[in-house]
Amino acid sequence: MSGVGAALGILFFAAALTPTLVPRSYLTQGVLAGSCLAAGYGMGVLCRRVWAYLELPEPGGKLRRVANMVILACCIGVAIVFLRQATEWQNAVRMAMGMEPVESAHPLKLSVIALVTFSVLLAIARLFGLAARLSTGRMRSFLPRRVATLAGLALTAVLFWSLGNNLLANTVFRVLDSSYREYDALIEPERPQPTDVNKTGSAASLIRWDELGRAGREFIASGPTAEEIGSFTRQPAKEPVRVYVGLRAADTAEARAGLALEELKRAGGFERKILIVITPTGTGWVDPAAMDPVEYLHHGDTASVAVQYSYLSSPLSLLVQPEYGSETARALFREIYRYWTGLPRDRRPKLYLQGLSLGAMNSEKSMDLFEMIGDPVDGALWSGPPFASRIWRSVTDARNAGSPEWLPEFRDGRLFRFMNQAGGTVPPGSPWGPMRIVYLQYASDPIVFFDYRDLYRRPAWLEAPRGPDVSSELKWYPVVTMLQLALDMAVATGTPMGYGHVYAPEHYVDAWVAVAGADGWSPAAIEPLKAYLAARARAPAGATDQAYDGRGG
């Protein structure tokens, strides 16, 4: 074992115990701490070898051993102090999200898990080293020593990458894809086929009920009815039009998009006041917290359409099919937009885009601003946009000086506005341009604020003032913070509603009012709607529905 590597690894282990954006269990904390321990150890070993390779001076044998012992003892002391603080740090994150504190972060359990994780990663690294030495040894018989070393390392890296990517990863993804596909095909007894001929999946529909997939059937069956909307608003209401096309409905993205257009026309979607083109998450899930509010606000005089592009959850879909979601979103938007622009302007619905998480990123990609210059859509509501979202990133980076990264202000707010739990920064009633785009994002959402550059520089969202749901105990550490946020992305949907990557309907209400207006609704009338939707979304039955998702990133 390398003394320098062990010292740096222990410091990385200690830093991994500090809080980030979302709470962690002792299991996830242990895996994270073990990964950071391995990363620090590897960096220490690399630094030590570079030092020796450059033939820089080193302390003598006894002095070196004493120095190593002293440094290791100090690092272990730091780790023990941090372990004692781990519970307090986790509770600081939980407090920021209104969660009950935990009695213990289980330091012993997480330390054991960390050591197991470190051992596995170290074994893989040493296996890599053994393979590199064997290949280098064979090459030295016909190549110069240093050339053989570089060639051996390169060959081993290609071999391990091929094994990991082509054999292991692809096998895992195929198994997961098959599993998700079978799950998607399950017919839930609590979601019977609709009898209303205007509903997608009914006997009169162009899409069969079993072709919708699990997410599509949930979307069609879970929406509010005209009776429910009218009962709350005490005004006449229409039955909202919801159209969904699953992966089984056609072989290509273009064919599914064309089918969606025809079904939308059949259901009378273009005769409504509001038309929303939805890009779902990876599994095809459409967040009811996003769609229910706009249907209540406009008394059911709405239509929405979505097309599924994957069976996988959003993180997996982003890894193995990053272009497929954008192709489907683009095909659907092109079909809807072409037909919509051919309608008389005074007799067509207002057209909006909507997407959550991976759906937000693909929805961004679906529209071409240049083709809409003469006849733009009316707006878009994108929530929890992933850090790789192109338009979101460019607007955030070009934000007005002095506005925080977690809630930017962009120029005069006539095109882009940002909102969170407390609403937006632009005063209500401020004028919009011809198109309205709102990003709904929480400062505690790691899927939005992860950045590979956190490896070596402090993220801007840590500057004061911080978001209301970000702990003041959060600190930046090179390498470690990036690994922390990478794990946070995997567990970002485990937060209470209204934090992390779980967006609350009451916050969607404010966002939809900003994007699509709310004629006839006073601020006093909107508050009961928020309370009603919030209570319904947090009810046990609603929680059961939302346990199946798509929400993961």
Side-chain angles (χ1 to χ4, degrees), residues 19-22 24 32 93 279-282 287 310 312-326 329 353-366 380-399 403-410 416-421 437-463 466-467 469-470 474 476-495 499-503 511 549-553:
T20 45
L21 292 179
V22 298
R24 295 189 288 266
L32 170 66
V93 181
T279 304
T281 61
D287 189 358
S310 174
L312 297 174
S313 64
S314 290
L316 290 173
S317 183
L318 185 61
L319 285 172
V320 300
Q321 299 171 323
E323 73 292 338
Y324 196 51
S326 59
L353 306 183
Q354 191 275 328
L356 163 68
S357 191
L358 184 60
M361 186 175 78
N362 286 325
S363 183
E364 275 191 0
K365 295 178 179 178
S366 72
L381 172 53
W382 292 318
S383 51
F387 62 94
S389 302
R390 178 175 50 84
I391 298 176
W392 173 86
R393 171 55 62 190
S394 62
V395 173
T396 300
D397 289 345
R399 65 189 181 276
S403 64
E405 187 178 44
W406 50 271
L407 194 63
E409 296 177 17
F410 183 76
F416 292 100
R417 297 182 188 179
F418 292 79
M419 304 183 74
N420 64 3
Q421 299 96 326
I437 297 178
V438 167
Y439 285 104
L440 176 62
Q441 60 190 42
Y442 299 151
S444 56
D445 188 347
I447 291 174
V448 176
F449 293 108
F450 174 84
D451 194 325
Y452 293 110
R453 292 173 294 180
D454 296 341
L455 177 79
Y456 57 85
R457 63 107 170 95
R458 177 185 171 92
W461 48 264
L462 273 180
E463 303 298 332
R466 292 188 179 182
D469 45 341
V470 175
L474 201 159
W476 173 75
Y477 299 94
V479 181
V480 174
T481 297
M482 189 199 74
L483 295 176
Q484 288 178 313
L485 293 174
L487 177 68
D488 283 352
M489 286 198 293
V491 296
T493 58
T495 61
Y499 301 95
H501 200 58
V502 186
Y503 287 82
D549 74 315
R551 268 191 316 226

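Since this is a predicted model, take the numbers as computed values, not measurements.
- Between the side chain of Ser403 and the main chain of Glu409, a donor-acceptor pair closer than 3.5 Å is present.
- Nearest approach of Gly384 to Ile447, heavy atoms of both residues: O-CG2, 4.4 Å.
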*Could you go through the side chain to side chain contact (heavy atoms under 4.5 Å, CB included) check for Leu474 and Arg466 one step at a time?*
CA-CA 10 Å; Leu474 201 159; Arg466 292 188 179 182; 3.6 Å; yes
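- Note that CG of Asn362 is 9.5 Å distant from CD of Glu364, once rounded to the nearest 0.5 Å.
- Closest of all the heavy-atom pairs between Ser363 and Trp382 is OG-NE1, 2.8 Å.
- Side-chain N or O atoms of Arg393 include none that pairs as donor or acceptor with a backbone N or O of Arg390 at under 3.5 Å.
- In this structure, Val22 and Gly500 approach most closely via the heavy-atom pair CG1-CA, 4.5 Å.
- Contact annotation: the side chain of Pro385 approaches that of Tyr439 to within less than 4.5 Å [non-hydrogen atoms, C-beta and beyond].
- When all heavy atoms of Ala511 and Leu381 are compared, the pair lying nearest together is CB-CD1, 3.6 Å.
- Two residues are said to be in side-chain contact when any heavy atoms from C-beta on lie closer than 4.5 Å; Thr495 and His501 fail this criterion.
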*Where do Trp392 and Gln441 land on the side chain to side chain donor-acceptor pair (under 3.5 Å) test, with the steps shown first?*
CA-CA 11 Å; Trp392 173 86; Gln441 60 190 42; 2.8 Å; yes
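- Taking CG from Leu32 and CZ from Arg24, the interatomic distance works out to 5.0 Å, rounded to the nearest 0.5 Å.
- Between Tyr442 and Ser444, the closest side-chain pair of non-hydrogen atoms falls below 4.5 Å.
- Residues Val470 and Trp406 form no side-chain contact, since every pair of their non-hydrogen atoms from C-beta on lies 4.5 Å or further apart.
- Residues Arg457 and Asp451 have side chains in contact (heavy-atom distance under 4.5 Å, counting atoms from C-beta outward).
- Among all heavy-atom pairs drawn from Pro459 and Asp454, the shortest one is CB-OD1, 3.5 Å.
- Atom OG1 of Thr396 and atom CH2 of Trp461 lie 14.0 Å apart (nearest 0.5 Å).
- Distance check, rounded to the nearest 0.5 Å: CG of Asn420 to OG of Ser383 gives 13.0 Å.
- Distance check: Met361 CE to Phe387 CZ gives 8.5 Å after rounding to the nearest 0.5 Å.
- For the atom pair OH (Tyr503) and CG (Asp287), the distance works out to 10.5 Å, reported to the nearest 0.5 Å.
- Residues satisfying the side chain to side chain donor-acceptor pair (under 3.5 Å) criterion with Arg458, sequence neighbours excluded, are Glu463.
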Show which side-chain atoms of residues 478-490 pair as donor or acceptor with protein atoms under 3.5 Å away, not counting sequence neighbours.
residue: Thr481; atom: OG1; partner: Tyr477; partner atom: N; Å: 2.8
residue: Thr481; atom: OG1; partner: Tyr477; partner atom: O; Å: 3.1
residue: Gln484; atom: NE2; partner: Ala15; partner atom: O; Å: 3.4
residue: Gln484; atom: NE2; partner: Ala16; partner atom: O; Å: 3.3
residue: Gln484; atom: NE2; partner: Thr18; partner atom: O; Å: 3.0
residue: Gln484; atom: NE2; partner: Thr18; partner atom: OG1; Å: 3.4
residue: Asp488; atom: OD1; partner: Thr20; partner atom: OG1; Å: 3.3
residue: Asp488; atom: OD2; partner: Thr20; partner atom: OG1; Å: 2.6
residue: Asp488; atom: OD2; partner: Leu21; partner atom: N; Å: 3.2

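- Listed here is the closest heavy atom pair of Val502 and Ala492: CG2-O, 4.2 Å.
- For Asp445 and Tyr499, the side-chain atoms include no donor-acceptor pair closer than 3.5 Å.
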